[in-house]
Number of protein chains: 2
Amino acid sequence: MTSQTQGRPPITSHAAIEAIAFAMFEEHGFEMTTMDDIAAAVGVGRRTLFRYYPSKNDILWGQFDDSLVEFRNSFREVSPDTPPWDAVRSAILAYNSYDEAALPQHRRRMRLLLGTPALLAHSELRYAAWRAVVADFVAERTHQRAEDLVPVLAGRLALAVAISAYEQWLADGATSLLDHIARAADGVSLHFTEDFG
Amino acid sequence: MTSQTQGRPPITSHAAIEAIAFAMFEEHGFEMTTMDDIAAAVGVGRRTLFRYYPSKNDILWGQFDDSLVEFRNSFREVSPDTPPWDAVRSAILAYNSYDEAALPQHRRRMRLLLGTPALLAHSELRYAAWRAVVADFVAERTHQRAEDLVPVLAGRLALAVAISAYEQWLADGATSLLDHIARAADGVSLHFTEDFG
DNA sequence: GCAGATTTGGCATCAAGTGCCGTTAGCCAG
DNA sequence: CTGGCTAACGGCACTTGATGCCAAATCTGC
């Protein structure tokens, strides 16, 4: 990370912007909150806000790109004799392991992301990078190209599992997120080969 | 269909607009073609264009909503003793059965839809309706609610299969679309329970 | 030709993005 | 202390998608 030593120092931070914007989104809804509103609340020029985030949609995604690095690393730590799909399952679980304390906030964030049409659509572009991590791993394991059917399919199936689990989790506060994910992953492995039971 | 008998007749049609817009998208790219451009080419007011399509993204989706009715019907024709996942597989295949003559056009359309970020994102909103068809069917068969895990997961898996197949098809002109879909569907049923083979 | 119904399209307006460019504010020599 | 380098700030203008409003246009039935 190029430590900043010269030039005018940043007037705000991603964290500060996200905190304020997030509160406004929850208060008045995503669509109703304009970039002008956020800029004013943060105390920064609208033009500057667009330098921190390329689009309004991106504000909610925070450190997503960074988290993908961890996700990718978690695949490297899997022993080579673990079956690929088991590895994927473990990686998804690890990726979604949050501190007890961080869960309520995460839940609110995901509720916004999965409940706002504009964000739902935009998410597709972010998910592509997530799927690519899975696809790359499976491609390496199966000695195929990342664009081949099996790796691509693995990425999409993994995402289907993750999102399905999140939807269940948001609707059902009782069960833990990880349990929901495990359940969804089992759904792929078991139910669909015979019946949906 | 409410047959129009009164009032000013429409000056154009969805088909005409789509034909012109499609050509312009392929010629100059989706982003570079503005609604003003399209309106001018069609010979219609920009405001009118927005009455035919709620958004620029929707132009490429044409009769999608209508096609979902067929999709839904195709599930009703499946015999009750067919295992759900087999039924889903058959329905996907039926849904994507195009005349030989219509295939090149369909291919060009899908290339645009899957190759343009803005459309890729917007597609997510359309896919939701498609997944719901699958989920409704599976819910009925398994006596669950459409929002429960198994139906939701089935919808997402079905879509994962379909899109993966389309990506392969677009990259590989040799194999037929239906073969790609069948192959992807098998990928779910077989490979993931043991290994990716 | 008139009344009713419906489409059209111009106009104004809002909001997301983006390029341009002068301004601001730290840091570091000299 | 001062001037220069550097990088962030933010105003301004502009493009484009999208929406409300409303008068004009046009076909049908009487």
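Below, chain A is the first sequence line, B the second, and so on; all start at residue 1.
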| Leu49(A) CG to dA16(C) P, straight-line distance once rounded to whole Å | 10 Å
| task | Step through the shown structure and confirm whether more than 12 heavy atoms of other residues, nucleotides or ligands are within 6.0 Å of CD on Glu31(A). | result | yes
| query | Between Glu124(B) and Arg131(B), is there a salt bridge with N-O shorter than 4.0 Å? | reply | yes
| said: Does anything in residues 50-61 of chain A come within less than 4.0 Å of DNA chain D? Heavy atoms only, and list the residues if so. | reply: Arg51(A), Tyr52(A)
| request: Give me the residues of residues 23-48 of chain B where at least one heavy atom lies under 4.0 Å from an atom of DNA chain D, by number, or none. | output: Thr33(B), Thr34(B), Met35(B), Arg46(B), Arg47(B)
| Side chains of Tyr95(A) and Ser74(A): donor-acceptor distance under 3.5 Å anywhere? | no
| message | I'd like to know if Asp148(A) pairs up with Arg145(A) as an ion pair, taking the criterion as any Lys NZ or Arg NE/NH1/NH2 lying under 4.0 Å from an Asp or Glu carboxylate oxygen. | response | yes
| Candidate pair Thr34(B) and Asp36(B), rule side chain to side chain donor-acceptor pair (under 3.5 Å), full reasoning | CA-CA 5 Å; Thr34(B) 73; Asp36(B) 275 301; 4.7 Å; no
| request: Would you kindly give the CZ-to-C1' distance between Arg8(A) and dA25(C), to the nearest whole Å? | output: 6 Å
| Given atom CD1 of Ile11(B) and atom P of dT7(C), what is their separation to the nearest angstrom? | 13 Å
Under 3.5 Å, which donor-acceptor pairs do the side chains of residues 151-166 of chain A form with other protein atoms, sequence neighbours left out?
residue, atom, partner, partner atom, Å
Arg156(A), NH2, Glu167(B), OE2, 2.8
Ser164(A), OG, Ala160(A), O, 2.7
Tyr166(A), OH, Asn96(A), OD1, 2.5
Tyr166(A), OH, His106(A), NE2, 2.8

| query | Is there side-chain contact between Asn73(B) and Glu70(B), with at least one heavy-atom pair below 4.5 Å? | reply | no
| Will you find, in the side chains of Glu18(A) and Tyr53(A), an N or O donor that is under 3.5 Å from an N or O acceptor? | yes
